[in-house]
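Presented below is the structure to which this report refers.
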Amino acid sequence: MKILYLNGPNLNLLGKREPNVYGRATLADIEAKVRKRAAQLKVGIDFRQSNLEGELVGWIQQAKGTFDVIVINAAAYTHTSIALRDAIAAVGIPTIEIHLSNIHAREEFRHKSLIAPVCRGQICGFGEKSYMLALEASVNVKATNKKSI
Ligand code: CA2
């Protein structure tokens, strides 16, 4: 099994700015923890970050045939990107939306996720643990019929 982790704009700043909001762990720290657990589960991981919407769209399109699940923290594009939503819908790979913060408990403009309707589920509000929870969800996602829940 192979999982593609995608990270959107500004997440390269994790651990370096605003630690009170997003914690002290860097994206590299989170990736290392995910890789360790993935190895235990015998799951392959690819972990990427981009500040460019089009690059994220390209990676989603190219995932077909290589990855079984996509885990995406689309960051601010969560709330704005019809392009990401269309790419997720078009590629047909089970996709799990994640966030460090609880987007529903923050400013109103963060409450709406444009990608949520085309994702299998959403994990938010658990800080860096959201990434680990998504790994556990990913290894179970294939067994879940999309229409059964
Ligand atoms: O909680 C999350 O994971 C978010 O996806 C983070 C996004 C935000 O726009 C979403 O509403 C929720 C922001 C990512 C920016 O990350 C930074 C990290 C350190 C310093 C500044 C920004």
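Note that the structure is a prediction, hence the values are computed from the model and not measured. Just so you know, ligand 1 is whichever comes first in the structure, and atom 1 is the first atom listed for that ligand. In this chain, residues are counted from 1 in sequence order.
With hydrogens and angles left out, the side-chain atoms of Asn51 and Gln49 include a donor and acceptor closer than 3.5 Å. A donor-acceptor contact under 3.5 angstrom links the side chains of Glu97 and Ser113, judged on distance only.
Counting protein heavy atoms only, atom 4 (C) of ligand 1 is closest to His99 ND1, 3.7 Å. Distance from atom 13 (C) of ligand 1 to its nearest protein heavy atom, with residue and atom name: Tyr22 OH, 3.3 Å. Atom 21 (C) of ligand 1 has Glu18 OE2, 3.6 Å as its closest protein atom, hydrogens excluded (heavy atom only). Protein heavy atom in closest approach to atom 1 (O) of ligand 1: Ser101 OG, 2.5 Å. Among protein heavy atoms, the minimum distance from atom 11 (O) of ligand 1 is reached at His79 NE2, 2.7 Å.
The aromatic rings of His111 and His104 sit tilted, their planes meeting at an angle between 30° and 60°.
Residues Met1 and Val139 form a side-chain contact, since some pair of their non-hydrogen atoms from C-beta on lies under 4.5 Å apart. Inter-residue side-chain proximity for Ile88 and Ile60 is flagged as met; some heavy-atom pair is nearer than 4.5 Å. Between Thr95 and Ile72 there is a side-chain heavy-atom pair separated by less than 4.5 Å.
Remark: ligand 1 atoms within the under-4.0 Å shell around heavy atoms of Ala76 are 9 (O). Ligand-side atoms of ligand 1 in range of Arg17: 19 (C), 20 (C), range being under 4.0 angstrom from any heavy atom. Within ligand 1, counting atoms from 1 as listed, the ones closer than 4.0 Å to a heavy atom of Leu100 are 1 (O), 2 (C), 3 (O). Interface atoms of ligand 1 facing Leu13, defined by a heavy-atom separation under 4.0 Å, are 19 (C), 20 (C). Annotation for ligand 1: atoms under 4.0 Å from non-hydrogen atoms of Asn10 are 15 (C), 16 (O), 17 (C), 18 (C).
Using a 4.0 Å cut-off between heavy atoms, Arg110 contacts ligand 1 through its side chain alone, with no backbone atom that close. Counting heavy atoms closer than 4.0 Å to ligand 1, residue Asn73 contributes side-chain atoms (C-beta onward) but none from N, CA, C or O. Residue contacts with ligand 1, taken as heavy atom pairs separated by less than 4.0 Å, involve Ile103 solely via side-chain atoms from C-beta onward.
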Given the rule in the side chain to side chain contact (heavy atoms under 4.5 Å, CB included) test, do Phe47 and Tyr131 qualify, once you have shown the distances and angles that lead to the verdict?
CA-CA 11 Å; Phe47 202 96; Tyr131 285 75; 4.0 Å; yes
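Around the CD atom of Glu107, the shell of radius 6.0 Å holds more than 12 heavy atoms that belong to other residues, nucleotides or ligands.
Remark: the backbone N or O of Val91 is paired with a side-chain donor or acceptor of Lys64 at under 3.5 angstrom.
Ligand 1 does not have Lys16 within reach: every non-hydrogen atom of the residue lies 4.0 Å or more from it. Residue contact check for ligand 1: Leu11 places a non-hydrogen atom closer than 4.0 Å to it.
Glu136 and Arg37 are joined by a salt bridge, as a carboxylate oxygen and a charged side-chain nitrogen come within less than 4.0 angstrom of each other.
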